[in-house]
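A quick write-up on the structure given underneath.
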Amino acid sequence: MRALRAMFTTVLLVVAGLAARGEDGYEAWLRYRPIDDPARLEYCRTYCREIVISSPSREWDAATRELVRGLSGLLDRRVAVLGAPTQSGAVILLVKRSDLSLLSVDERERVRIAEGFIILSTQVEGKSVTVISAETQRGLLYGVFHFLRLVATGEPLEGLSISQQPAMPLRMINHWDNLNGVVERGYAGRSIFRWDQLPIGDSRYTDYARMLASVGINAIAVNNVNAAVEVLRSDMLEKAAVLAEHFREYGITLYLSVNFASPMRLGGLSTADPADPAVQGWWKAKAAEIYRLIPDFGGFLVKANSEGQPGPLDYGRTHAEGANMLGRALAPHGGSVIWRAFVYNPRMADRAMESYREFAPLDGRFDANVAVQIKNGPIDFQIREPVHPLFGQLARTNTVLELQITQEYTGRSTHLVYLVPTWKEVLDFDTYTAGRGTTVSRVIAGRVFPYRICGMAGVSNVGQERNWTGHHFAAANLYGYGRLAWDPELSAESIAEEWARLTWGNDPVVVRTVVDMLLPSAAIYEKYTSPLGVGVLCNGNHYDPRPASREYFHHADGLGVGFDRTRRSGSGYTQQYHAVNTRRFDSRATCPEELLLFFHHVPYTYRLKSGKTVIQHIYDTHYEGVEEARGLLEKWLALEGRVNPQRHREVRLRLEAQIAHAEKWREEING
Ligand code: GCU
């Protein structure tokens, strides 16, 4: 019996040991592992002795719970929640206007920010405390997550005087998840949304909401833009209401993607013409039904007259007429319509031109509760393409930027590609439309034109994989997307470092290495898949090389390569930009070299600034790219023993697969 007990104990110990070592990535950047440096641990404990919530109510529950969870984990001891501070070192959540009397007049002034927060080191009732304060549920959550980030990443906790607010009002995630669980362009397993199980909830929804809120996301569309009409069926709406509840707790508003033909296919009407009163009535009734179930419903995301989807153009109406009809159904309830501008005609000589052509003339014709959501570039989420010409040209149309977090054309979840630097380039692009400095980021933040709805939407890379994103490093893109939407001024490097510390711990060698892997990774991928902006060279799966099938994009012939989009000899696409950019792109001399083949058809012997010919450059970059991908693996191997073994192994396997696939690209192109 004693032997049996001893054996049982051993087994338990082994299991416990495995659990401690076997971190699987589920906690992503919200790991809250005990701080391992004793001096730092002691320091943090001094500043976080107790948590005080001035006016407890359900509204602040999630923030309070997170603070308890985070601090208890990081400080390796339970931190009590009290109603008033009993000692110096309390962290106080001040949430009610009346409670603010505890602060000085100056300090109080700083709290007037809708979704923002302040974090102050101050004195309350004679005690030195840290105050986290906000006006709204969201603000308080963001403040708490920010404070936890400071603790977890080794930042000072004394003398704090932080006040932040999000740069843009809409910080949204779009899921391309079908109701049957298959995710379009998803590489991390099936959908996390279990419509077959709903309305039964799932703790995974809450953990996902926590992750999103921790980086400031405040809106989510949970189903594919290629929308099934069934999502608007009454039983499905009841399920959606349960999702909305999970997200609401974390300040995230639910949207649904809808199919423009729903009145016909679901409602049995003979038309979906937006001018038809019966159609309008159907949408109005549907909106009312939704708001009965989800009082804070955000609205509809719509892909119309794009890639075979139905839309107003089917009835001779414009995008604006279609969008406004939906907008008017939602308006009485405070909802909005996000109408996508991703339209093209595959038979056009230059499909890059279509979106601008259809939408630019409609500026000013969309209702106030309608926004147009525009992909970052005119083609389709390539590793390199110019910024979409519509940005900055819709002075009277709410504008949202759409980015793709899921790596459809950028290596799925096999290739390590940190997309933040590429997004930064988009955000920093100067459209010149309202003078120098009319950057995309200022436009979508509503700082150039008086937009009511504006911001960013990112196509999710999350699925049912235990670590959410498949590749552990792909989580850096989800993290970085949120951080950039909060503050586009953050550098790609600082975001990478934060993520590295939160995800892999504060060992300086690990942090340096992870950052050094992330930062050049997009450029590496570009080298072996699409140098000089040559564009789509993959096959229909958007992953494997097949340049022979992509003549439409690269225009390679016996003498040269590249798509002439210039004004004088090409498609004229360059004219869709403001004149400053038209001139820059039109001339080979001033066109950024990384976009040369997007805008120009040049002989293979054309000399680049490096002195190399185009053909030599293409050849060399494929070799360099593969070598640099090998370098990523080498860096990672050096971390063995410094990061937990399970995640180390999983990343190693993906890096090995990346190298093999990069070689495949090189062989296909270089022959
Ligand atoms: C791309 C992608 C599609 C997606 C479409 C869209 O073309 O390959 O899967 O539906 O974009 O953004 O609507």
Side-chain angles (χ1 to χ4, degrees), residues 168-179 183-186 191 193 195 212 217-232 236-237 240 243-244 247 252-263 266 272 274 283 286-287 290-291 294 296-312 319-320 322-331 333-343 355 359 366-367 369-376 381 397-406 444 451-460 462 481 485:
M168 48 193 89
L170 186 73
R171 304 175 303 281
M172 188 178 199
I173 289 287
N174 290 177
H175 276 263
W176 286 359
D177 297 20
N178 295 310
L179 304 179
V183 182
E184 182 154 331
R185 314 300 179 186
S191 172
F193 303 119
W195 293 91
L212 295 181
I217 299 297
N218 65 0
I220 189 166
V222 289
N223 62 315
N224 194 354
V225 289
N226 293 316
V229 291
E230 288 77 21
V231 77
L232 291 180
M236 295 300 273
L237 292 176
L243 289 179
F247 286 114
I252 301 166
T253 304
L254 188 104
Y255 288 69
L256 293 175
S257 298
V258 297
N259 185 305
F260 200 78
S262 298
L266 195 64
W283 282 108
K286 196 39 93 176
I290 296 174
Y291 280 91
I294 310 174
D296 58 351
F297 180 65
F300 298 146
L301 173 63
V302 192
K303 171 174 178 176
N305 293 115
S306 160
E307 299 189 325
Q309 293 297 329
H319 287 287
N324 293 344
M325 181 271 296
L326 294 178
R328 285 166 199 167
L330 294 167
H333 311 279
S336 48
V337 172
I338 303 181
W339 190 269
R340 298 176 79 234
F342 178 65
V343 294
S355 178
F359 282 86
F366 291 93
D367 284 0
N369 68 333
V370 175
V372 171
Q373 180 167 303
I374 308 165
K375 286 190 183 181
N376 59 276
F381 300 133
T397 305
N398 296 315
T399 297
V400 175
L401 162 68
E402 180 175 315
L403 299 173
Q404 196 181 43
I405 312 169
T406 190
I444 60 166
Y451 294 156
R452 236 193 70 193
I453 307 166
C454 56
M456 266 158 72
V459 182
S460 166
V462 157
Y481 166 76

Q: Please confirm whether the backbone N or O of Ile453 pairs with a side-chain atom of Asn398, one donor and one acceptor, at under 3.5 Å?
A: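 Present.
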In Å, rounded to the nearest 0.5 Å, how long is the span from [atom1] of [X] to [atom2] of [Y]?
| X | Y | atom1 | atom2 | result |
| --- | --- | --- | --- | --- |
| Leu232 | Ile290 | CG | CD1 | 5.5 Å |
| Phe247 | Ile173 | CZ | CD1 | 9.5 Å |
| His319 | Asn324 | NE2 | CG | 12.5 Å |
| Gln404 | Lys375 | CD | NZ | 6.5 Å |
| Ile405 | His175 | CD1 | NE2 | 8.5 Å |
| Phe260 | Leu326 | CZ | CG | 5.5 Å |

Is it true that the side chains of [X] and [Y] contain a donor and an acceptor less than 3.5 Å apart?
| X | Y | value |
| --- | --- | --- |
| Ser336 | Asn369 | no |
| Gln309 | Asn226 | yes |
| Glu402 | Asn376 | no |
| Asp177 | Asn223 | no |

On a heavy-atom basis, which atom in [X] and which in [Y] lie closest, and how many Å separate them?
| X | Y | result |
| --- | --- | --- |
| Ala287 | Leu330 | CB-CD2, 4.1 Å |
| Val400 | Ala457 | CG1-N, 3.9 Å |
| Thr406 | Ser460 | CB-O, 3.2 Å |

Q.
Aromatic contact between Phe297 and His333, with the criterion being ring centroids under 6.0 Å apart: yes or no?
A.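 No.
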Q. Heavy-atom distance under 4.5 Å between the side chains of Tyr481 and Arg171, does that happen here?
A.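 With C-beta onward as the side chain, the pair stays apart.
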Q. Side chains of Ile220 and Tyr255: closer than 4.5 Å at any heavy-atom pair?
A.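 Contact flag for Ile220/Tyr255 side chains = no.
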